[in-house]
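What follows is a single structure, written as structure tokens, with notes after it.
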Amino acid sequence: MLNSKNDIFSKDKAEQVQGSGLRTLSRHLVRQLGMLNSACGDLPLSPVQAHALIELRHQAIPIKQLAQILNIDKSNASRAITNLVEKGLAQTKSNPKDSRSLLAHLTPQGKKLLHKLDLQQNIVFEQILSQLSAEETKQIESAITVYHKAICRSQAQQGLTIREIKPKDDEAMAQIIREVSAEYGLTADKGYGVSDPSLDSLSQEYQSDNACYWVIEEDGVIQGGGGIAPIHSKSNPVESDGLKSESESKTAFEDGVCELQKMYFSHQLRGKGLARRLAYQAINFARERGYHSCYLETTACLKEAVKLYESIGFEHLQSHLGNTGHDACEMPMLLKLTKN
């Protein structure tokens, strides 16, 4: 058990060796696939030029769009196209949809060299795949797909900060919860989370060492949040003011079940993977705090949320746990945090 919330984050830094293994492997893959070489095999193409040829295979592409596809800056993409033009492998023409930009396309010579590039890479990967069984190949494809999606989400989240909630954030976070609840028809009179008495003082609700609430901030503006806390025990009713008593918190924690709570996100955050990232952060916090299970309650109209929770590993329950007070949330779910 850790003594303070800050301990979990310092411990995360100390245990980054786990992530460094993937970082090392990624670095080795880049080297082994020849991405640091000045040319692709015996062809007169740099890796960037080769990738540009591949993307120009079927149609002319604006240089700005090519830069986005290759995940490089526009000047680098422009330089690669200029080199291809000088080699007679590509040509540029004015973009009829935007006179300020140029469209790049392959020449017949460029298409011939692209064919040679395909043959060369086919040989390279046939040799690699011959070292693997069909099942191993599927496993690698699946793992790399997950890795690729994580990279894309990380890039989409640039400029966003996840941090613990502060009293100054209470008003903004409460407003987001009310707006999102109204958007989905989750009204306070029906027993959803928006009816909680503590809605306007969330920072005070997550003060204990075994609870935490995080907000997502962009340019100083709160855009969403979510938290983790001990689940209310049925045998220990909530105090009249909506706060947990000391005995209730102790009993709930001894039961080893926490609750993923108040996951709400503004429109600006959706589609960027922030809900998944915050859920993972909360689950990691729960494991560090010694919880053996994570509980949540949701509703069928939140289709995206339900799909997310299922993909993380939450399983549907036949009945509710604890005394959350959210009668209208008809879908209780549970995630086992320990192997036993």
Side-chain angles (χ1 to χ4, degrees), residues 26-27 29-31 33-122 144-162 176 179 183 216-224 265-277 304:
S26 299
R27 186 167 61 248
L29 286 174
V30 168
R31 295 172 183 175
L33 292 175
M35 298 306 296
L36 300 183
N37 291 333
S38 59
C40 288
D42 57 358
L43 300 179
L45 294 170
S46 70
V48 173
Q49 292 167 13
H51 279 264
L53 276 185
I54 293 171
E55 297 304 327
L56 296 174
R57 181 193 304 271
H58 300 297
Q59 62 181 348
I61 299 177
I63 295 178
K64 182 178 180 180
Q65 182 180 343
L66 180 64
Q68 295 172 340
I69 294 172
L70 298 182
N71 197 31
I72 58 178
D73 58 77
K74 186 179 177 181
S75 62
N76 196 359
S78 180
R79 185 162 52 250
I81 293 300
T82 298
N83 291 334
L84 291 176
V85 170
E86 291 174 350
K87 294 175 181 179
L89 303 174
Q91 291 179 341
T92 58
K93 60 182 180 181
S94 297
N95 187 348
K97 297 182 179 179
D98 184 357
S99 60
R100 297 169 298 177
S101 68
L102 294 174
L103 289 173
H105 63 97
L106 295 183
T107 64
Q109 185 179 347
K111 293 178 180 179
K112 289 181 180 180
L113 189 60
L114 177 58
H115 180 64
K116 291 182 179 180
L117 176 63
D118 285 335
L119 292 177
Q120 175 183 278
Q121 292 303 305
N122 285 343
I144 290 180
T145 298
V146 172
Y147 190 26
H148 169 68
K149 289 181 179 179
I151 293 172
C152 291
R153 291 196 297 266
S154 176
Q155 292 172 340
Q157 295 169 15
Q158 294 297 313
L160 296 166
T161 301
I162 297 180
I176 289 174
E179 290 177 354
E183 176 186 351
I216 303 173
E217 184 179 39
E218 182 178 22
D219 297 327
V221 179
I222 302 302
Q223 300 284 9
F265 306 91
S266 66
H267 280 286
Q268 291 89 330
L269 291 188
R270 298 176 197 174
K272 296 182 178 181
L274 268 303
R276 180 178 296 275
R277 177 180 172 184
E304 300 90 344

Partner residues of L119 under the side chain to side chain contact (heavy atoms under 4.5 Å, CB included) criterion, sequence neighbours left out: H115
Pair T107, Q109: side-chain N/O donor-acceptor within cut-off below 3.5 Å: no
Separation of H148 NE2 from R153 CZ (nearest 0.5 Å): 10.5 Å
T82 side chain vs S78 backbone, donor-acceptor pair below 3.5 Å: yes
E218 side chain to Q268 backbone, donor-acceptor under 3.5 Å: no
Euclidean distance, E304 CD relative to R270 CZ, rounded to 0.5 Å: 7.5 Å
Rounded distance [0.5 Å steps], CG in L113 versus CG in L89: 5.5 Å
Counterpart residues, side chain to side chain contact (heavy atoms under 4.5 Å, CB included), relative to S26 (two or more places apart): L22, Y147
R27 side chain near R31 side chain, heavy-atom distance below 4.5 Å: yes
Donor + acceptor pair across side chains of T161, E217 (<3.5 Å): no
N/O donor-acceptor pairs under 3.5 Å from side chains in residues 41-63, not counting sequence neighbours:
residue	atom	partner	partner atom	Å
S46	OG	Q49	N	3.2
Q49	OE1	S46	N	3.3
Q49	OE1	K87	NZ	2.8
R57	NH1	D118	OD2	2.8
R57	NH2	D118	OD1	3.2
R57	NH2	D118	OD2	3.3

Between CD1 on residue I216 and CZ on residue R277, distance to nearest 0.5 Å: 8.0 Å
Closest contact, heavy atoms only, S266 versus I176: N-CG2, 4.3 Å
Gap separating the CG atom of L70 from the CD atom of Q65, nearest 0.5 angstrom: 10.5 Å
Least distance between heavy atoms, I81 atom then A104 atom: CD1-CB, 3.8 Å
Heavy-atom pair of closest approach, residues Q223 and L269: O-CD1, 3.3 Å
OG-CG distance between S94 and L102, expressed to the nearest 0.5 angstrom: 6.0 Å
pair S101-K64: side-chain heavy atoms closer than 4.5 Å: no
